[in-house]
Each structure stands twice: as structure tokens, then as C-alpha cells.
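To find a chain, count down the sequence lines: A is the first, B the second, and so on, and within it residues start at 1. Note: hydrogens, waters and symmetry copies are ignored here, and every other heavy atom, side chains too, is used.
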Amino acid sequence: MSAATTPSVTGAGMPLPDAYDPQGVEEKWQARWRSRGTNATDVAEGPAKFYALMMFPYPSAEGLHVGNLFAFTGNDIFARFHRMRGRTVFEPLGFDAFGIHSENFALKVGVHPSELIPRNIANFRRQLERAGLMVDWRYAVNTTDPGYYRWTQWVFLELYNRGLAYRKKAAVNWCPFDKTVLANEQVINGECERCGSKVEQRFLEQWFFAISKFAPRLLANLEWLDWSETTKTAQRNWIGKSEGAEIRFVAGGGVAEPGTAITVFTTRPDTIFGATYLVLAPEHPLADALTTEAQRPAAERYREQTADQDLVSRRIGSREKTGVFTGSYVTNPATGGQIPVWIADYVLMDYGTGAIMAVPGHDERDFAFAQTFGLPVVQVVAPDGDALSPDPPLAAYTGPGRLVRSGAFDGLTIDEGKQRIVEWLAGHGSATPVENYRIHDWCISRQRYWGPPIPIIYCDRCGPVPVPTADLPVLLPFIADFKPDDSGVSPLARHEEWYSVPCPKCSGPARRETDVSDTFLDSAWYFLRYPSAHRDDTAFDAVLTRRWLPVDSYIGGNEHAVLHLLYARFVTMVLHDAGLLDFEEPFTRFRAHGHIVRDGAKMSKSKGNIVNPDAYIAEWGADAFRTYLMFLGPFEQGGDFRDASISGPRRFLDRLWSAVIASTTTGQPDDGVLRELHRTIRKVTEDIPRLSYNTAIAALMAYMNVLRAGERRPHRAETEPVVQLVAPFAPHIAEELWERLGHTTSVFDSGWPSFDAALAADRTVTVAVQVNGKLRGTVVVAPDAAEEDVFAAAAAEPAIAKYITTPPRKRIYVPGRLMNLVIGG
RNA sequence: GCCGGGGUGGCGGAAUUGGUAGACGCAGGGGACUCAAAAUCCCCCGGGAGGCGACUCCCAUGCGAGUUCGAGUCUCGCCCUCGGCACCA
């Protein structure tokens with residue numbers, strides 16, 4: 001903007017010049033919204049509540065990202081639209097500010113997170129307000145506020161009291177240089193992403209939530225949730241249901257106690273006649289007992305070796321099969337034969353039973369292992385029960401077929417075989433049909449500083465004791481040196497005056513749990529908090545919760561499709577079972593938004609292609625920037641950010657401004673323009689609920705072209721409804737124009753224009769005429785023209801008639817759209 | 001390797017879900033206004049061939065087949081690309 005355009009006239013009440021000045025308009029309306037309380041929701045009453053939730057941001061030091069703004073704007077449009085349609089809309093926002101990300105950043109810049117985070121939040125909030133979101137900031141939440149995490153701790157205790165929080169030893173990634181636990185995604189090729197040290201595996205006592213118990217419900221409810229299909233698919237895959245059987249293999253000779261049985265999980269019980277060996281995970285509890293003296297040195301060496309490896313490189317490292325024979329044998333309950341028991345790291349302790357029956361004839365991994373160690377391969381399924389060639393086979397056969405070499409079961413299909421064989425084995429007490437789930441229990445312990453302390457106290461006499469609710473929050477103490485050390489325990493463990501406390505039960509000497517909880521716990525319940533954010537006597541008020549939840553519309557990134565959304569569903573389900581909520585699914589509707597990229601690449605600091613919204617908003621205005629972001633592409637797919645293209649949406653707003661300012665009230669509105677207006681109303685009204693914002697904006701632009709065609713002066717009846725249609729996208733300019741049209745109340749309380757189908761209807765339609773599928777011309781007819789009339793009109797058109805060399809053999813007519821004439825043989 | 005998006009003009013993207021491919025915007029070209037420039041306004045703008053001409057014809061939605069009167073859209077087989085997951089028995 002050139003400085004010469006306007007004198008600086010801002011502030012409520014002062015008149016603005018007649019040229020569109022976004023900075024002035026936006027400043028004026030943001031001030032007025034604040035003073036009038038336009039964006040404040042009455043959480044207690046109002047008709048037809050609509051809870052428009054967006055995933056809350058992590059307030060990074062770099063400030064608001066265009067990606068955040070893209071998502072928030074999409075939600076804001078949806079929320080404003082529903083408000084104009086008469087709903088009582090609640091659009092809250094907050095900050096997800098705990099976690100390793102903040103902590104690492106604080107360590108890097110040498111500023112304590114308790115100082116850094118409020119600063120970042122203030123900056124974020126300034127940017128968000130500048131963007132013109134309809135957020136009711138009175139209900140903002142901040143996960144690092146003791147008034148919030150007090151209730152996060154309360155949620156933990158609700159789970160604990162219901163037996164859903166428990167402690168067990170688990171392997172974690174440990175960086176010996178940074179002296180910290182690493183998440184799987186921080187381990188790159190077995191090395192720490194920050195310092196490159198080789199990551200080790202440590203076994204630490206960790207807190208878990210028993211989410212796997214809820215797997216069947218979490219899966220079943222996906223059937224009826226109105227969520228993006230891609231998100232539901234991701235959740236189904238993550239939950240990973242598989243049907244199969246657990247089969248017991250009893251140990252024979254060797255060292256095992258007589259009668260020792262290994263239970264395996266398999267989805268292919270039909271192939272049991274081809275099970276030629278068994279494999280235990282190295283951590284399997286029976287691995288030691290089944291190892292003979294002769295095999296012990298080799299087996300122990302192997303188990304140490306796998307224990308040394310970090311979790312990630314063991315999972316994604318080489319697929320070369322390694323393993324060691326235990327020296328023991330078990331009986332195959334189908335064949336009665338003795339088969340060897342091996343230990344190998346391709347079997348994972350945390351899936352199924354940590355033991356498998358290996359069928360190298362029909363499983364690629366087992367086949368590779370059998371090849372490496374010279375174990376027998378037996379084919380028991382053949383395509384249509386045919387030839388067994390070559391024998392032994394050159395590869396595992398995993399396709400369909402019929403059973404062979406399976407005794408009485410020969411000739412059955414795979415599905416029949418599964419059922420019949422499990423029934424038969426079950427009769428002997430050696431098999432049980434089971435459903436297995438891939439999903440693991442949720443490990444919530446973090447050996448870190450920047451999180452809510454887990455509210456448990458360890459007493460020598462009483463064991464683990466939950467902190468009494470009245471004593472919450474367990475405040476996170478200020479520690480200047482919060483850097484993790486070599487001990488593998490949280491920095492809080494170094495703060496003795498904090499962790500030494502009397503036992504709440506017996507008052508004897510006791511110690512606090514020094515781990516903090518995962519940030520995913522903070523975000524697993526924040527949507528319950530918003531309506532009650534002003535209440536410090538309860539996590540969520542029963543009446544307010546009944547009024548506002550479940551969430552009507554949730555918008556967020558698909559990168560949280562699995563963990564966050566699953567954890568939030570799980571916590572909601574638990575609180576429902578506890579009688580605290582009367583619904584068990586928190587988000588009725590969820591839509592995943594796309595991502596903004598630049599030059600085809602994800603924006604990242606290292607690529608130096610981050611877009612800071614501040615500069616764009618300063619140059620073009622928030623309204624133009626919002627409209628531009630939404631015009632980039634389909635909201636659910638994202639788009640490519642190009643600086644140059646912003647001028648388009650800005651020009652659109654300029655034209656809207658001058659069209660409205662120039663509107664006349666004399667004379668009659670133009671019929672053709674009114675028809676386009678009603679079509680535009682219909683289009684925008686249909687597009688917004690589909691989040692098809694880009695096409696809604698395109699329709700508005702197209703209407704502006706019609707409105708201004710021939711440099712005519714528009715009639716007020718032709719412009720006034722457009723101000724309402726534009727309002728969700730460009731709220732400030734809409735308010736200003738609405739006021740200039742003489743209204744004294746907010747455009748957001750003015751309702752939504754309705755369209756008149758009769759006015760929108762065409763008087764004539766253009767029908768495409770094809771001959772043999774090729775377009776040869778068009779005819780203009782009445783919308784209800786009979787097929788014969790259309791044909792007559794087409795035949796009268798010379799450009800078409802010249803192709804109609806013989807009477808059409810066939811005639812296809814799509815009323816009002818197209819006629820295809822099939823000529824010749 | 002598996003799962004899920006996506007491939008349409010110079011660019012971002014439309015296409016009522018099988019019915020005139022390229023809406024809308026950007027960039028570009030030409031013109032008006034101006035001493036000039038910016039801004040603004042008007043016109044043109046997928047490729048090729050023909051015509052002085054309003055025009056005419058052909059080709060064209062990643063590639064190759066198929067279904068259909070008709071395919072960007074459906075089916076099969078490939079290629080490329082962006083996400084996510086990783087030996088899940």
C-alpha cells in the first residue's frame with residue numbers, strides 16, 4: 001500500500017475515507033468487537049449450540065505459522081457461517097505448551113520455559129487476534145497453567161482409580177550424550193537426531209494407560225462417526241484388529257518343566273500342519289527356562305546383543321534374519337511331531353504372545369529364517385489343491401488355495417480350514433479363537449521436566465499412593481537447571497525438598513513420582529475444559545458439559561489422526577464409564593485439513609521457506625490474507641503458497657468495497673444480476689458446509705464480475721446480500737460495509753441470506769449437441785423443452801445438420817444439458 | 001514393502017459425481033486513461049493446422065488397455081509424486 005492513499009484515520013467512531021483501507025477497517029472493528037463483546041459466547045444459554053473446535057497450537061518461539069492460520073481460518077469461517085445461520089456458536093482456542101519441544105528449545109536458547117512460554121503465548125495471541133478470529137478469549141486454556149494441569153492430574157487419578165493406569169518396565173530409547181529419553185521419531189538410523197550418538201535401550205519403570213482394553217469399542221464406534229474417511233482408515237489400521245487363534249505347544253524333552261506350554265498367536269491356524277519350528281521373542285519369559293545348558297552361552301550372547309540395540313534400529317534395521325536355537329523341542333498338536341524352539345528378534349514381545357509358530361511354507365519372514373538356518377519347509381496350502389511343485393518350494397506361498405498334507409483337513413479352503421482346525425484343537429484344549437489388536441497401551445511417563453508431575457507418592461509402607469484430589473495440583477517446582485542427566489530419571493528427582501513428602505495415608509516418609517506425563521494427556525481432554533475454563537472448582541461443569549458437548553465440528557491436521565484423536569476418544573470413553581459424561585465419543589464430526597506448502601515443499605526452517613503471516617497481513621490486510629489462504633485450493637487438501645497470487649483476492653475486496661459504496665437505491669435491480677445473485681447465494685450456502693471454500697470464493701468473484709459488467713452502477717439489493725456472504729471469509733470489511741449500508745448491529749447477527757429457487761432458475765438453457773460423441777454445436781432452448789423440440793432445433797442448426805447424414809440410429813437426451821446423436825452403422 | 005492422498009494450460013486450481021474440459025484467480029500480451037509511471041478499466045490468453053474473416057478442423061486431463069452413445073470422472077495394468085507406518089505372526 002502506498003502511504004499516500006489515506007490519512008491515518010483509525011479508532012472506533014471516527015469516519016473512514018471512501019477508499020478501502022484494510023489496516024484502518026481492521027483496527028476499527030477489532031476494537032469494536034472487543035468493546036461490544038461481539039465474539040463473546042453466552043455459554044449458559046442461547047438456541048442451537050454449535051461447538052466449533054480446532055486443534056490448539058503449540059506456541060512456538062517462531063510465532064504463528066501460516067499453516068496454523070490456514071487451519072484456524074477454515075474453522076473460523078465454518079463457525080461464523082453457523083452463527084449467521086442462527087446457531088449459538090462457541091469458538092474457543094488455547095495453547096498446548098508443555099512438552100519436550102518447548103523444553104529442548106528452552107535448553108537451546110538458555111531461557112527457562114516458565115519465562116519463555118508466556119512470552120510465546122502473548123505473541124501468538126497478538127497474531128491470532130490480528131487475523132480476526134471469532135475466538136472468545138475469556139475461555140482460553142493454557143496446559144502449563146496450574147489451574148489447568150491440576151485437572152490433567154485429576155484425569156490421571158480418574159484412570160488410576162479405575163485400574164486403567166499401571167506401572168511396568170518398558171524399553172525406552174536412551175541417548176548417552178544428551179542423557180535423555182528419546183521418542184521413536186527422534187531416533188534417526190539408530191542415532192540421536194540432535195547429537196548423532198548411538199542410541200541405547202534402557203528398561204525403565206513407566207506408567208501406562210490401558211487403552212488396549214478399549215480397542216474393540218474404539219474400533220466399533222468408527223462405524224458411525226462423521227469423520228474424514230482417511231482419518232478413520234488410519235485409526236482402523238492403528239488399532240489393527242486381526243482374528244486368529246492362540247495355540248498351545250507343550251514342551252517335550254530338554255530342560256523345561258514337564259507340561260510347560262508356549263502359547264502362540266497366529267492368524268493362520270489352517271497352516272499348523274506346516275509349522276516346523278517355534279520362535280520366541282528374545283525377551284520372552286520362557287526363553288531362559290527353555291534354553292539347554294549346551295545352548296546357554298550362545299542364547300545368552302544373542303539376548304544381550306538384541307537388548308543392546310535401540311528399539312528403532314531393531315525395528316527398521318536390516319531384515320536379515322538372526323536367531324539362536326534353545327535346544328528344546330515342543331509338540332506340534334496337529335502332527336504330534338517334535339519341533340525345535342528358537343529365539344529370534346524378528347518376533348516382537350509386544351505383539352500377540354511374543355511367540356509364534358513358524359510356517360515357512362506360507363510366511364515370507366519364516367521362510368527367510370528357515371532358509372538361513374536350514375530348517376524344514378513344508379507346503380500345506382496349494383492353489384486349488386494341485387501339484388506341490390517344486391518341493392521344497394522356492395518361496396512362501398501366501399495366496400488362496402486348499403489344504404494339503406493336513407490329514408483329515410485336506411481339500412478344505414483356507415477359511416474352512418481355519419475354522420475346522422481351531423474347533424478340532426479346541427476340543428483337545430490346545431487352541432482358543434482370539435481377536436488380537438496391534439494397538440499398545442499408552443506409555444505416559446516422560447523422564448523430563450516440562451510437564452505436569454504424575455500425582456503419585458511412593459511410600460515404603462503403603463506402596464504407590466495417589467495424591468488426594470484436595471492436594472492437587474502437584475505443582476511443577478521451579479528448577480533453574482532442568483537439564484536431564486545420566487541417571488535416567490527426571491530432573492525432578494534432583495530436587496529433594498520437592499520430592500520428599502509425607503505419605504498421604506500413613507504420614508511416613510515417602511517420595512513423589514518424579515516423571516511428568518505425556519503432552520498427549522494434556523490434549524486428550526482440553527475440549528472438555530473450554531466451556532468450564534472459568535471454573536476452578538471442577539474440571540468440567542456437568543451442566544455446561546451437557547450443553548456444549550460433544551463437539552459439533554472438529555478441524556485439525558491429519559498428522560494427529562492416530563495418536564491425539566485416539567487418546568482423546570479413549571479418555572472420553574473412560575470418563576463416560578465413570579459416569580462423568582453422558583456421551584462416549586467427543587467429536588461428532590471431524591475433518592482433516594490439508595497443508596500449505598511452498599514451491600511444492602513442506603515449509604520448514606531448514607529450507608528457509610517459512611512464511612510469517614505478520615508481514616503479509618501488514619501489507620494486504622487480514623481479510624485479504626484469509627481470503628487468499630482459503631482460495632489457494634481445497635481446504636481438505638491444502639495448497640501451494642505463492643506471494644504473487646494474493647493480489648487476486650485483494651482486488652476482489654477492493655471491487656466489493658467500491659461496488660457497495662457506489663450502490664444506488666433508486667430504480668430497479670437488474671433481473672439477470674438478481675438471478676446470478678441467487679445462484680451465488682445457493683453456491684456459497686452449499687459450499688461452506690463441504691469446506692469447499694475455494695469454490696465459494698470463486699463464485700463470489702464471478703458474481704462481482706457480473707455485478708460490475710459494463711461499468712454499471714449496482715443496485716443496493718444486488719450488493720447487500722453479498723456483504724453477508726463474504727462476512728465469514730473477510731469479517732472486517734463485511735462489518736464496515738454493513739455499517740455503511742446503514743445497519744447498527746453486527747453483520748454476524750444479521751442472519752444468512754436465503755435464495756429463491758425460482759429467481760435462480762434459468763429462463764433458457766444451452767444444450768450441447770454431439771454427433772457420435774463429438775461436440776458439434778449447441779442449441780438454446782427453454783429449460784423444459786421436449787426432446788423432440790431440442791432435436792428439431794439441433795437439426796435446424798447448419799453446423800450440426802451437416803453431420804446428420806442419415807436419420808440417427810440412437811438418440812440420447814440429458815434434459816437441459818446434452819443431446820447425443822448416433823449416426824451410421 | 002504396506003496404507004492413504006494426488007498427477008488437468010506457463011502457474012494455483014474448477015468441472016452439478018458418467019454429459020460442452022479448463023470456472024475463478026495469478027502470471028503474460030494488447031488497448032484506454034496519463035507528459036510518464038503506478039493504480040484502475042476493457043479485450044485476448046491449452047496446443048497444432050487451415051482461412052482476409054465473424055470461423056473451420058484435428059489433438060489434449062501422467063502412460064497403456066477396456067467398459068459406454070459418451071470417460072478428467074468407472075474397470076484392469078503400469079509410471080511419477082507427497083504424506084504416514086514399519087518384521088504385527
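OP1 and OP2 of B:A23 both lie 4.0 Å or more from every side-chain N or O belonging to A:R679. Between A:R655 and B:U40 there is no side-chain polar atom (N or O) within less than 4.0 angstrom of OP1 or OP2. Side-chain N/O atoms of A:T695 include none lying less than 4.0 angstrom from OP1 or OP2 on B:C24. OP1 and OP2 of B:G19 both lie 4.0 Å or more from every side-chain N or O belonging to A:N820. Contact check, A:R690 against B:U17: no side-chain N or O comes under 4.0 Å of OP1 or OP2. Proximity of A:Y346 to the phosphate of B:A86: no side-chain N or O atom is located under 4.0 Å from OP1 or OP2.
Taking 4.0 Å as the cut-off between side-chain N and carboxylate O, A:R651 and A:D654 do not count as a salt-bridged pair.
Side-chain polar atoms of A:N558 and A:S228 form no donor-acceptor pair below 3.5 angstrom. No donor-acceptor contact under 3.5 angstrom links the side chains of A:S242 and A:N436, judged on distance only.
Under the 30°/60° scheme for interplanar angles, the aromatic rings of A:F369 and A:F373 are found to be tilted.
Considering only side-chain atoms of A:A698, the nucleotide from B:C85, B:A14, B:A23 that sits closest is B:A23. The side chain of A:R642 lies closest to B:G12 when the candidates are B:U40, B:A89, B:G12. Closest to the side chain of A:P634, from the set B:U20, B:G70, B:A14, is B:A14. The side chain of A:N694 lies closest to B:G13, out of B:G13, B:G19, B:C26. Of the listed nucleotides (B:G19, B:A89, B:G25), B:G19 has the atom at the smallest distance from the side chain of A:V814.
Within the nucleic acid shown, A:R651 comes within 4.0 Å of sugar-phosphate atoms alone, with no base atom in reach, counting heavy atoms only. In this structure, A:D654 reaches neither bases nor backbone, as no heavy-atom distance under 4.0 Å exists between it and the strands shown. Using a 4.0 Å heavy-atom criterion, one finds that A:L632 contacts the sugar-phosphate atoms exclusively. Residue A:R776 is in sugar-phosphate contact alone, with no base atom involved, counting any heavy-atom pair closer than 4.0 Å across all strands shown.
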Would you mind building the protein contact string for nucleotides 1-9 of chain B? One character per nucleotide, 5' to 3', B for base within reach (heavy atoms under 4.0 Å), S for sugar-phosphate only, - for untouched. --SS-S---

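For A:F520 and A:W442, the gap between ring centers reaches or exceeds 6.0 Å. The ring of A:F641 has its center closer than 6.0 angstrom to the ring center of A:Y616.
In RNA chain B, runs of at least 3 consecutive Watson-Crick or G-U pairs, each pair with both distances below 3.5 Å, span B:1-7 with B:79-85, B:10-12 with B:24-26, B:28-32 with B:40-44, B:46-50 with B:55-59, B:62-66 with B:74-78.
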